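Below is one structure, written out as structure tokens; comments come after it.
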Number of protein chains: 2
Amino acid sequence: MKLGDGVEAAIHCAATLASVDGNSTMPGAALAEAFGLSPSYLLKHLNQLTAARILESLPGPAGGYRLARAAEQITLLDVVLAIEGREPAFRCGEIRQRGPVKIDASAYVKPCGINAAMLKAERAYRAALAEVKLSDIVAEYAAEGDRRSYAASCAFVERHQRPQKSASSKQT
Amino acid sequence: MKLGDGVEAAIHCAATLASVDGNSTMPGAALAEAFGLSPSYLLKHLNQLTAARILESLPGPAGGYRLARAAEQITLLDVVLAIEGREPAFRCGEIRQRGPVKIDASAYVKPCGINAAMLKAERAYRAALAEVKLSDIVAEYAAEGDRRSYAASCAFVERHQRPQKSASSKQT
DNA sequence: GAATCTATACTCGGATAAGTATTGTCCGAGTCGCTGAGG
DNA sequence: CCTCAGCGACTCGGACAATACTTATCCGAGTATAGATTC
């Protein structure tokens, strides 16, 4: 029951990328600098987000990362699953049929109640995460966050984003 | 987002101990045998449950483990927290104030919205686990589980439980 | 002067070590029950 | 025949390695840009 440290970085980066203009991109090195992280390691997580179709990456001198779709269509659950993996945290090893109590395969057609309870709890967890969109995060930050901090973040984004000529499938 | 393997073993052991009579005990070796686990390693988890006041252990030849309180007063959340630790899975490292965007300490009095959202989701997770009592697990197993499997489990418990002379603080 | 070719610098991507947490195992401290002797 | 002391065996508990995973890093593949060259 411990989330990796990369989840926090991934969400922050995604939220930052949600503030870039149109189809502009932002290099991974700039994102790493913004949060004081190791650039080489952050790329690993950004890579996972790219593989999950949350971000898209453009190579080349003017390249970088940007959201693959609108911030309203990205939830925290998407990001968490992309980093931590899609399989549930609790996986039933069926240890009840590993000891001498084991009877027959036909006796274990039903999943054990423990597994059902754990999976139900995890569904509640994921449902709560699915309700929060990336646009909610940035909106809440813009509305209730500290003005100076917000201005500084915007300035940082403005300074490091790189406009692109051809528009991708970003527009909604 | 991955629960340790010991959680499953701990819940199964607790459910098994919920079926022993009155204040009888069951050795850890018997529990390990019931699920085909390493006895030495299972003791580690049983030890955590004992430290969390969920089980109580009695040394000596007729010793073993038993529930520290009634099965109706033990939830899955208790067991999970005892094994995995009480701190939340997502801990905010405040990376937003680690880069050059950092302004001043007064700008970060509010917890960031990301942390709030993650903790809210985890509260939902824990609430779902807190609703399931250990007595529910055993009742559901007795009612809907396979008859043969249930009978075999009861026989195994009956064979390995060791009655105690003096009653402890088990009665409610 | 314009187009093209080449070299360059910057980007991401995957393969490669170090650190840490989990998993697994072993041996020692403590306690109750059994056996034998003594009253 | 009953009581008590000693011995033994069984229990849990904590200290000690092995493994897997996360974290961190480096170097290579690929691409758009800038400049130089040629027509």
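Here is how names work: the chains are called A, B, and so on, in the same order as the sequence lines, proteins then strands, and each is numbered from 1. Note that the structure is predicted; figures quoted are calculated from it, not measured.
- Under the rule for a side chain to side chain contact (heavy atoms under 4.5 Å, CB included), Glu131(A) has no partner lying at least two apart in sequence or in another chain.
- For the pair Leu3(A) CG and dT22(D) P, the computed distance is 11 Å after rounding to whole Å.
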What side-chain donor-acceptor pairs closer than 3.5 Å can you find for residues 24-37 of chain A, not counting sequence neighbours?
residue, atom, partner, partner atom, Å
Ser24(A), OG, Asp21(A), O, 3.3
Thr25(A), OG1, Ala62(A), O, 3.4
Thr25(A), OG1, Gly63(A), O, 3.4
Thr25(A), OG1, Gln164(A), NE2, 3.3

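- Every residue two or more places apart in sequence or in another chain that forms a salt bridge (Lys or Arg N to Asp or Glu O under 4.0 Å) with Arg148(A) is listed here: Asp146(A).
- What separates CG of Leu37(B) from C1' of dT25(C) is a distance of 14 Å, to the nearest Å.
- Contacts between residues 76-96 of chain B and DNA chain C, defined by a heavy-atom separation below 4.0 Å, involve no residue at all.
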### Message
I need a per-nucleotide contact map over nucleotides 9-18 of chain C, read 5' to 3'. Cutoff is protein heavy atoms under 4.0 Å; write B for the base, S for backbone only, - otherwise.
### Response
-SSSSS----

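- One can place CD of Glu56(B) at 15 Å from C1' of dT11(D), the figure rounded to the nearest angstrom.
- Atom CE in Met1(B) sits about 17 Å away from atom C1' in dT22(D), given to the nearest Å.
- Every residue meeting the ring pair (Phe, Tyr, Trp, His ring centres under 6.0 Å) condition with Tyr125(B), not counting sequence neighbours, appears here in chain and number order: Tyr125(A).
- Atom CG of Leu42(B) and atom C1' of dG24(C) are 12 Å apart (whole Å).
- For the pair Met118(B)/Ile11(A), a side-chain contact is recorded, criterion being any heavy-atom separation below 4.5 Å from C-beta on.
- Of the residues near DNA chain D, Ser38(A) and Lys2(A), the one whose nearest nucleotide (by heavy atom distance) lies more toward the 5' end is Lys2(A).
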Review item, side-chain donor-acceptor pairs of residues 149-159 of chain A, under 3.5 Å, at least two apart:
residue, atom, partner, partner atom, Å
Ser149(A), OG, Tyr141(A), OH, 2.7
Ser153(A), OG, Tyr141(A), OH, 3.2
Ser153(A), OG, Ser149(A), O, 3.0

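- In this structure, Asp5(B) places its CG atom 13 Å from P of dT22(C), rounding to the nearest Å.
- The salt bridge (Lys or Arg N to Asp or Glu O under 4.0 Å) pairs that include a residue from residues 113-126 of chain B are Glu122(B)-Arg126(B), where partners are two or more places apart or lie in different chains.
- Within the structure, every side-chain polar atom (N or O) of Tyr41(B) is placed at least 4.0 Å from both OP1 and OP2 of dT25(C).
- Across all non-hydrogen atoms, the minimal contact from Ile54(B) to Ala82(B) is CD1-CB, 3.9 Å.
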Under 3.5 Å, which donor-acceptor pairs link side chains of residues 38-47 of chain A to any protein atom two or more places apart or in another chain?
residue, atom, partner, partner atom, Å
Tyr41(A), OH, His45(A), NE2, 3.3
His45(A), ND1, Gln48(A), OE1, 3.2

